[in-house]
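Remarks on the structure that follows.
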Number of protein chains: 2
Amino acid sequence: MARARISDVAAAAGVSTSTVSLVMNGRVARISPATQDRVREAAASVGYTPNSVARGLRTQRTRTIGLISDQIATTPFAGRMLAGAQDAAREHGHLLILVDTVGDPDVEAEALRALAGQQVDGMIYAAMWHRVVQAPAGLPDGTVFLDCRPAAGGFPAVVPDDRAGGRDAVRLLVEAGHRRIAYVDLDEPERPVASGLRHEGYLEVLAEAGIEPDPALHVCGAESSAAGGRAAAAQLFDMPADRRPTAIFCFNDRMAAGVYVAAHRRGLDIPRDLSIVGYDDQQLVAGELDPPLTTIALPHYEMGRWATEVALGVREPPDDGQPYLMPCPIVRRDSVGPPPAAAPTPAGGEPLTTP
Amino acid sequence: MARARISDVAAAAGVSTSTVSLVMNGRVARISPATQDRVREAAASVGYTPNSVARGLRTQRTRTIGLISDQIATTPFAGRMLAGAQDAAREHGHLLILVDTVGDPDVEAEALRALAGQQVDGMIYAAMWHRVVQAPAGLPDGTVFLDCRPAAGGFPAVVPDDRAGGRDAVRLLVEAGHRRIAYVDLDEPERPVASGLRHEGYLEVLAEAGIEPDPALHVCGAESSAAGGRAAAAQLFDMPADRRPTAIFCFNDRMAAGVYVAAHRRGLDIPRDLSIVGYDDQQLVAGELDPPLTTIALPHYEMGRWATEVALGVREPPDDGQPYLMPCPIVRRDSVGPPPAAAPTPAGGEPLTTP
DNA sequence: CACGATTGCTCAATCGATTGAGCGCTCAAA
DNA sequence: TTTGAGCGCTCAATCGATTGAGCAATCGTG
């Protein structure tokens, strides 16, 4: 049984296709109520669904938006981003067309042409982690950059507010009373923009609190993994007791997991002896640690929504041309406490406890 | 600058649009080489990309396939599944339209109509974990079920071969010399089909090896998490030494992570004192454990490809109407070793070591 | 009652491609 | 020279909807 066309509905209702079209699209100002009812009944009885392809050809609007990204599969955050984009698209009656370029520029160019050929109403160019990208040639005007910013500007973009997130993370620790706060980072060549921004936030809060930043407390792991975090933490724990941090802010949850391991090996209890804050709120890591990790969440779902809404024109991007900075929520769990009551000052150091 | 149409190319090449169409589609049997060249040059010079919407209307084939699923975001496997589907679609010149129904039947019905309206060439109905689903009304014939099977049959489907995976996992342990092998499962009400199948595989291999299954070695955690696994493992470790397992097969990697924790708390070394095999190959869990977990991988990428290829008609589903069982690869890491040399037989038990 | 305005609906062009039928030409065979 | 076949290309219909223009009937007004 072939799908019903508008002409089938028209025949069933005894009117022209024009009338059916007008009724189906709610342009009923000049259609009598009786006719409207007949059309609607006819449509229902033949099971009519408008053919979007034909409509798209005529109206030049397809109610689809294209999302092109380099790696859909790699990160657990990708799904949340897609979910946000998809939800927003659906709420506005649009469909999401997804293309993964596997990071290959040829595939990317091909995808761009395919999406243009599909007459998508909007385009989103997504990365799966916050970075600066070179906008490919042929990107339509108004393409929204998601979790990345175009090197040359000129496009709306949304990225996590990593700097504010870094501030929040460190503020959590300062407010708990910590003064010696380390930052566990990634080694230079690998270091992503997110890390630089989080580190800036870290420095800002230290400055606010009147704490002199100690370069020795900025340590790096070779890779973004538990192993990387463990190695970096080991450096910290090897420091003389009076210089050792009482709290550690980690670039991400995976590295924080490594810090946990290192701490346990030294017999340090979290949060009694050491407070830790992570970043990303990576469920399988942060939630499964013991004690559960306090962290800063990456707002992927919200960013996905934002990008779609801007692509559809139902939301305005910042008018200064800068990327929109999506706030990163604080996720309080159990890895932050006050610093150890007796500060570790074994060899003639001045006690850190305030009067 | 508006997009070039076929008529622009025709004008530039001095031919009719028919000729351009024939050349662009490679139906050049009756077109002179000289004309072909002129057309191709003209197309390149005006930057012509065929309008898929118009073509779709005419040919009734849109080169898109719809993927409708209940939860895109929830599992880390979803991305791999989408990646597989998307890669296969791209290789065959198709685009993937993605819809997440959020598990809502109304949204699902609406999505089905929207995709039908888009004239998708194929449809995939995906779940994010292996289960039996009720096929919604209005699903087009030939819809492929991905990671789920329709309760009533009648559609091609692909699911992981959990039974074979269970066999492989347990065989790994039997071949290492273990005879007392536990299965850490989920509690009844939560237990998914995957677990039942993996347990069947477990029993089959025990039978093959002539090992009498001990019901006491089939223990359950309340939830699919490290906490659930830890609780279940604790039961096992509380058993008298001569009945205690020397190896544990876990329903999934997360529960295996809990078994690790329980083992460490009892001072058991993995794999010296206890061998463990997981399931899922969940990178963030299996790869980060110490030692890295030997496990059975879920073939989500491959299943995504399979579903797309069947939906596009480039691959045939099994002709017996049963779901295709996708093999689950064995991922050997470091959590399996021989059983402890001196079997734990403290109180008059018979030594298990063979002559 | 005549005339214009309003109401309720239809006509036909249009979006941009594809494709079966067909046209005019050349060439070979009869 | 006529006929037929083959070649190279074009004509025009078509896919299924939307939409500006327009037509016939009715209504209100002077």
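Since the structure is predicted, the reported quantities are computational estimates derived from the model, not experimental observations.
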Can you tell me if [X] uses its side chain to pair, donor with acceptor, with the backbone of [Y] under 3.5 Å?
X: A/T35; Y: A/I31; result: no
X: A/R3; Y: B/A116; result: yes
X: A/E316; Y: A/V310; result: no
X: B/N25; Y: B/R27; result: no
X: A/D87; Y: A/G84; result: no
X: B/D121; Y: B/R63; result: yes

Consider the side chain of B/R27, meaning its heavy atoms from C-beta on, and name the nucleotide among C/dT18, C/dT19, C/dG16 that approaches it most closely. C/dT19
Taking only the side-chain heavy atoms of B/T35 (C-beta and beyond), determine which of D/dT18, D/dG16, D/dC9 contains the nearest atom.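 Given the options D/dT18, D/dG16, D/dC9, the side chain of B/T35 is closest to D/dC9.
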Please determine if B/E110 and A/R90 form a salt bridge, counting it only when a charged side-chain N lies under 4.0 Å from a carboxylate O.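 Not counted as a salt bridge, because no side-chain N and carboxylate O are separated by less than 4.0 Å.
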Under a 4.0 Å threshold between the charged nitrogen and the carboxylate oxygen, would B/E302 count as salt-bridged to B/R80?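 Looking at B/R80 and B/E302, the cut-off is not met.
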So which of residues 6-22 of chain A are in contact with DNA chain C, with a heavy-atom cut-off of under 4.0 Å? A/V15, A/S16, A/S18, A/T19
Selection: residues 39-50 of chain A, any non-hydrogen atom under 4.0 Å of DNA chain C: none
To the nearest Å, how far apart are [X] [atom1] and [N] [atom2]?
X: A/L57; N: D/dT14; atom1: CG; atom2: P; answer: 17 Å
X: A/R58; N: D/dT14; atom1: CZ; atom2: C1'; answer: 16 Å
X: A/R61; N: D/dG16; atom1: CZ; atom2: C1'; answer: 18 Å
X: A/R3; N: D/dA17; atom1: CZ; atom2: C1'; answer: 12 Å
X: B/I31; N: C/dT19; atom1: CD1; atom2: P; answer: 14 Å
X: A/N25; N: D/dT19; atom1: CG; atom2: C1'; answer: 10 Å

May I ask you to verify whether the side chain of B/R55 and the base of C/dT18 hold a donor-acceptor pair under 3.5 Å? no
According to a strict under-4.0 Å criterion, is B/Q60 in side-chain N/O contact with OP1 or OP2 of D/dG16?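 For B/Q60, the contact criterion (side-chain N or O under 4.0 Å from OP1 or OP2 of D/dG16) is met.
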Hey, is the side chain of A/R5 poking within less than 4.0 Å of OP1 or OP2 on D/dG16, counting only N and O atoms? yes
For the residue pair B/S21 / B/S18, report whether a side-chain donor-acceptor contact shorter than 3.5 Å exists.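 Side-chain D/A pair, B/S18 to B/S21: absent.
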Kindly calculate the angle separating the two end axes of the helix from C/dC1-D/dG30 to C/dA30-D/dT1, each obtained from five base pairs, and round it to 10 degrees.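 Computed from the C1' atoms at both ends, the axes differ by 60°.
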Plane angle bin for B/H300 and B/F77 - parallel if under 30°, tilted between 30 and 60°, otherwise perpendicular: parallel
Can you classify the ring geometry of A/F145 versus A/Y125 as parallel (below 30°), tilted (30 to 60°) or perpendicular (above 60°)?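 The rings of A/F145 and A/Y125 sit tilted, inter-plane angle from 30° to 60°.
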Which pair of heavy atoms, one from A/P160 and one from A/C328, lies closest together, and at what distance? CB-SG, 3.8 Å
Hey, which of these two, B/N51 or B/R30, hits DNA chain C nearer its 5' end, going by closest nucleotide?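 Closest to the 5' end, via its nearest nucleotide, is B/N51.
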